Amino acid sequence: IDRQQAMDVAIDRRARDVKSKDITSCKGNASILQQLRDQDISLKTLTISDHADQYFCCFVIGEGDDFGWLGYFIGKSKYLYDLRIKSWGEGENIEAFIEGINRNQSINSLHIGTDLRGVSFRNLRPFFRNNNNLYQLEFNFEVGLECAESIAFVLDENRCQSLESLRFEDCNLGEDGFAVIATALRTYRQLEDLHLKNNNIGLMGCIALGETMRGWETSNLKVLDLDGNNIGDQGLQALAAGMTNTKLEELYLSDNLITAVGLRSMSDYFQSESCCLKTLNVLRNDFGDEGAVALADILMGNKSLTSLHFISHQSGITNAGWAAFSKLLCDPSSINSTYLSNHNIGTIGEHIMKHNTPPNIRRYLDLNEHPHPAIHKILKSHPDLDMEPFFQWKLKLLPVVINWFRSVISGMMHVYYPQEFSNSLRQNLQSRELSALYKFVRGMPALTVISYWQQQVINIQARRRRLDVEEETAWVRLGGRPRDEGNVEFIQIGAKRMRQE
């Protein structure tokens, strides 16, 4: 340790004397090095590449650039938040560069878009051990099995609890490569984003990931991107059980050879109360009408999903498949079935090219964007509301029906409509309210008549009691004794009223 400290002191002394122009290939690189050296707070993002980047401050690698010094000043920086390594160019001293950034504690996003030139990823262990701010780690290069094992080793050993987003995009990890990484993630339940696009993780990778998610018990995972991984139906089945332990909001499954069998395996997940998935992307999967029916079935009763993305001609969906989605959105078989239909989804099919979605589906989706979509669908699908199912509650339900129509009229008036249409809608609703009341009376005439005469009897009895009290009160005022001692209180009240009159 003393020897290392002595070396660090010696390097620090040399750093004070070294000139940026002597260890860089151009003025731009020298300026970046000087900013790092001066702790310039404006330098928060740095890209290392062999060509300029129009969006980020870029250290363009050229002959004469010393990676050792670049790593040293990055390691000393307190304000560099985002480091993006896209290329090493012809640079040398990569090991010295890594040794330098291992000292950095400010970087919270690290992107590696090139291989490490034979340097093991394990050399970065001190960086992961010392940096408590890293929340995003990205890889974007061909990762072989050996490199995948090194990455898994570092992740497993250091258990970086600040890491929330992990990306392996277009890395072609393969089944074996991703399986070891998935196993290393078993302690990373804090992950919120996991992007694995185009890695060909296959069945073995799905099994490993499914077991990891099940082991999390509870997790913060919100985004899972598995586009282009050839997972197939069996892979999706392996994942489905583990997803119930997550807080997933977005799931991407495009280009994965998924059919109706795989889609049905997610039924328990979508029907669970813990499901909070909002977006499901199944582009470029030829699941056909059977898959459409499967999706409609598993989404019946689901309260969370708002977007279901696919391209109909790529998915092999015909009118039969769209009919299943139509029934999902509005089942007209009965009022109760319409009420229990899905009123949450706003997109089915293509998000931009919505004209490829059948008009009736689009109308239902538009209704889901309105307040009280169930009421809209009931009124549109049932022009003649059948009151007979409600007769079992007799006239007790009649006030409920009246209040329902009143609330419908009030709710509809809060939705923007042209004035002419709004007036017509109000008249139509009032007419249907009267029709429903008429059906109650017509369907239960005996109860209606009985209720009428019962009320008449109640009114007559009340009037008779009042006359009795008035008669008794007059008798007492003429000097007679109360004929019913129990009515003394009522007589006093009656006398008071007569005096007031």
Side-chain angles (χ1 to χ4, degrees), residues 25 28-29 32-33 36 43-62 65 67-68 70-71 73-75 77 80-102 104 106-125 127-128 131 133-155 160 163-174 177-178 181 184-185 191 193-201 223 225-229 252:
S25 61
N29 290 356
I32 291 172
L33 218 60
L36 290 169
L43 183 61
K44 298 182 182 299
T45 299
L46 177 60
T47 298
I48 301 173
S49 180
D50 54 9
H51 61 276
D53 191 313
Q54 59 178 323
Y55 300 108
F56 302 105
C57 178
C58 189
F59 189 97
V60 182
I61 302 166
D65 288 313
F67 272 89
L70 177 60
F73 289 115
I74 288 176
S77 175
L80 183 64
Y81 297 149
D82 186 1
L83 178 60
R84 309 174 66 83
I85 306 171
K86 292 186 175 182
S87 173
W88 300 113
E90 298 299 327
E92 299 179 354
N93 295 331
I94 296 176
E95 290 186 1
F97 171 82
I98 292 177
E99 184 178 343
I101 67 172
N102 279 340
N104 181 278
S106 66
I107 293 174
N108 55 39
S109 178
L110 176 62
H111 173 95
I112 302 177
T114 182
D115 66 81
L116 299 181
R117 292 277 188 86
V119 178
S120 174
F121 190 80
R122 300 188 186 207
N123 289 11
L124 280 167
R125 284 183 294 171
F127 172 75
F128 287 90
N131 190 316
N133 295 308
L134 185 70
Y135 79 89
Q136 181 169 278
L137 178 61
E138 301 182 32
F139 298 91
N140 185 223
F141 65 96
E142 190 85 7
V143 177
L145 178 58
E146 184 178 352
C147 184
E149 290 174 342
S150 296
I151 294 171
F153 176 84
V154 173
L155 292 174
C160 184
L163 189 63
E164 297 179 359
S165 178
L166 181 60
R167 290 175 176 265
F168 289 89
E169 295 193 348
D170 302 307
C171 294
N172 196 25
L173 287 168
F178 179 67
I181 290 175
L185 295 177
L191 277 180
D193 300 346
L194 182 56
H195 298 264
L196 302 168
K197 185 177 181 180
N198 297 331
N199 280 288
N200 197 29
I201 68 173
V223 180
D225 185 353
L226 295 171
D227 286 352
N229 277 288
Y252 298 90

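Note that the coordinates shown come from a computational prediction; the quantities given were computed from them, not determined experimentally.
With N131 contributing its side chain and I107 its backbone, the two residues share a donor-acceptor pair below 3.5 Å. Remark: side-chain polar atoms of S106 are paired, donor with acceptor, to backbone N or O of L80 under 3.5 angstrom. Between the side chain of D193 and the main chain of R167, no donor-acceptor pair closer than 3.5 Å is present. The backbone N or O of N198 lies less than 3.5 Å from no partner atom in the side chain of D170, so there is not a single donor-acceptor pair.
In this structure, CG on L166 lies 8.5 Å from CD1 on I151, to the nearest 0.5 angstrom. Here the CD-NE2 distance, from E138 to H195, works out to 8.5 Å after rounding to the nearest 0.5 Å. Atom OH of residue Y81 and atom OH of residue Y135 lie 11.5 Å apart, to the nearest 0.5 angstrom. In this structure, NE2 on H111 lies 5.0 Å from CG on N140, to the nearest 0.5 angstrom.
With a 4.5 Å cut-off on side-chain heavy atoms, L36 and F59 do not count as touching. You'll find the side chain of N102 reaches within 4.5 Å of the side chain of L124, heavy atoms only. At a threshold of 4.5 Å between non-hydrogen side-chain atoms, the residues N104 and L83 do not count as touching. Residues F73 and I32 form no side-chain contact, since every pair of their non-hydrogen atoms from C-beta on lies 4.5 Å or further apart. The closest side-chain heavy-atom distance from N29 to L33 is not below 4.5 Å. In this structure the side chain of N200 never reaches within 4.5 angstrom of the side chain of F178, judged on heavy atoms. Within the 4.5 Å cutoff, no side-chain heavy atoms of L163 are placed close to those of F128.
Looking at residues two or more places apart in sequence or on another chain, you find no salt bridge (charged side-chain N to carboxylate O under 4.0 Å, His left out) involving R122. With sequence neighbours left out, K197 forms a salt bridge (charged side-chain N to carboxylate O under 4.0 Å, His left out) with no residue at all.
A parallel orientation is assigned to the rings of F168 and F139, their planes being inclined by less than 30° (bins at 30° and 60°).
Each of V223, N229, L196, L226 was compared with Y252 under the side chain to side chain contact (heavy atoms under 4.5 Å, CB included) criterion, and only V223 meets it.
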Would you give me the side-chain donor-acceptor pairs under 3.5 Å for residues 142-150, sequence neighbours excluded?
from : atom 1 : to   : atom 2 : distance (Å)
E142 : OE2    : N172 : ND2    : 3.0
S150 : OG     : E146 : O      : 3.2

Please step through side-chain contact (heavy atoms from CB on, under 4.5 Å) for the pair F97 and I74, ending with a clear verdict.
CA-CA 9 Å; F97 171 82; I74 288 176; 3.8 Å; yes
Would you please test I98 and F127 for side-chain contact (heavy atoms from CB on, under 4.5 Å) and show each step?
CA-CA 9 Å; I98 292 177; F127 172 75; over 6 Å; no
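Of all heavy-atom pairs between C57 and T45, the closest is CB-O, 3.5 Å. The minimum heavy-atom distance linking A52 with C58 is given by the pair CA-SG, 4.2 Å.
Checking N133 against N108 by side-chain atom types alone, no donor-acceptor pair falls below 3.5 Å.
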